[in-house]
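Basis for what follows: all heavy atoms, side chains included, without hydrogens, waters or symmetry-related copies. Worth saying up front: this structure is predicted, and the values here are computed from it rather than measured.
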Amino acid sequence: MRLFEVIRRPIVTEKSTNLAEGGKYVFDVATDANKAQVKEAVQVAFGVGVTQVNVMRVRGKMKRFGRKPTAQRSWKKAVVTLKEGDTIDLFEST
């Protein structure tokens with residue numbers, strides 16, 4: 001798997017924003033990616049040092065579409081802890 005296919009997008013929620021203040025960032029990653037691949041991808045893509053990676057699978061929820069029940073897709077998320085002093089600027093400020 002190529003490094004830039006591992007990270008799909010950053011997760012921007014209230015909880016992940018609070019984690020970012022402590023040096024932890026949350027990403028949606030490929031379902032077949034492992035911790036080592038996520039660590040290397042974040043280091044190469046953002047030029048930061050990574051100390052820890054926690055990976056978890058999020059199961060898709062059952063929803064209704066009209067009368068038919070459908071399932072949302074399952075996905076994998078990673079919580080990446082950066083070295084002290086490193087940050088990732090998810091939003092460019094001009």
Side-chain angles (χ1 to χ4, degrees):
M1 178 179 298
R2 296 177 52 196
L3 285 180
F4 290 103
E5 294 175 352
V6 173
I7 299 174
R8 291 193 174 146
R9 64 186 175 97
I11 304 295
V12 181
T13 60
E14 186 175 353
K15 186 172 183 178
S16 67
T17 305
N18 290 337
L19 283 174
E21 294 173 3
K24 295 183 179 187
Y25 293 87
V26 184
F27 296 98
D28 179 0
V29 297
T31 54
D32 54 346
N34 58 28
K35 289 182 179 186
Q37 291 172 333
V38 172
K39 179 178 181 176
E40 187 178 356
V42 170
Q43 287 177 343
V44 170
F46 299 105
V48 294
V50 176
T51 58
Q52 185 178 4
V53 177
N54 295 336
V55 178
M56 60 207 81
R57 288 185 50 219
V58 180
R59 294 184 59 189
K61 295 180 181 179
M62 292 297 294
K63 297 286 184 175
R64 287 177 48 112
F65 187 72
R67 288 192 279 169
K68 297 181 181 180
T70 59
Q72 292 179 332
R73 70 174 182 92
S74 296
W75 55 288
K76 186 181 268 191
K77 76 176 170 184
V79 179
V80 178
T81 305
L82 302 183
K83 289 183 180 176
E84 186 104 11
D86 286 347
T87 59
I88 296 176
D89 188 22
L90 295 177
F91 302 104
E92 290 188 28
S93 55
T94 55

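Note on residues 54-64: pairs passing side chain to side chain donor-acceptor pair (under 3.5 Å), not counting sequence neighbours, are Gln52-Asn54. Every pair passing ring-ring contact (aromatic ring centres under 6.0 Å, His included) that includes a residue from residues 35-73 is listed here, sequence neighbours excluded: Phe27-Phe46.
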Identify every side-chain donor-acceptor pair in residues 72-82 under 3.5 Å, counting partners at least two apart or on other chains, and give the distances.
| residue | atom | partner | partner atom | Å |
| --- | --- | --- | --- | --- |
| Arg73 | NH2 | Asp28 | OD2 | 3.4 |
| Ser74 | OG | Gly60 | N | 3.1 |
| Lys76 | NZ | Thr31 | O | 3.2 |
| Lys76 | NZ | Ala33 | O | 2.9 |

Taking only distance into account, with no hydrogens and no angle test, what donor-acceptor pairs under 3.5 Å do side-chain atoms of residues 12-20 form with protein atoms, sequence neighbours excluded?
| residue | atom | partner | partner atom | Å |
| --- | --- | --- | --- | --- |
| Thr13 | OG1 | Ser16 | N | 3.2 |
| Thr13 | OG1 | Ser16 | OG | 3.2 |
| Ser16 | OG | Ile11 | O | 2.8 |
| Ser16 | OG | Thr13 | N | 2.8 |
| Ser16 | OG | Thr13 | O | 3.1 |
| Thr17 | OG1 | Thr13 | O | 2.7 |
| Asn18 | ND2 | Glu14 | O | 3.4 |

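Put simply, the side chain of Gln37 gets close to the backbone of Asn34: a donor and an acceptor are under 3.5 Å apart.
Just one of Val29, Leu3, Val48 meets the side-chain contact (heavy atoms from CB on, under 4.5 Å) condition when paired with Val42; it is Val48.
Taking CD of Glu21 as the reference point, atom NZ of Lys24 lies at 13.5 Å (rounded to 0.5 Å).
Ala30 and Glu5 make their closest contact through CB-O, 3.9 Å (heavy atoms, listed as atom of the first residue, atom of the second, distance).
By the ring-ring contact (aromatic ring centres under 6.0 Å, His included) test, Tyr25 pairs with no residue at all, sequence neighbours left out.
Leu90 and Val50 fall within a single hydrophobic cluster, where Ile, Leu, Val, Met, Phe, Trp and Tyr side chains are chained together by heavy-atom contacts under 4.5 Å.
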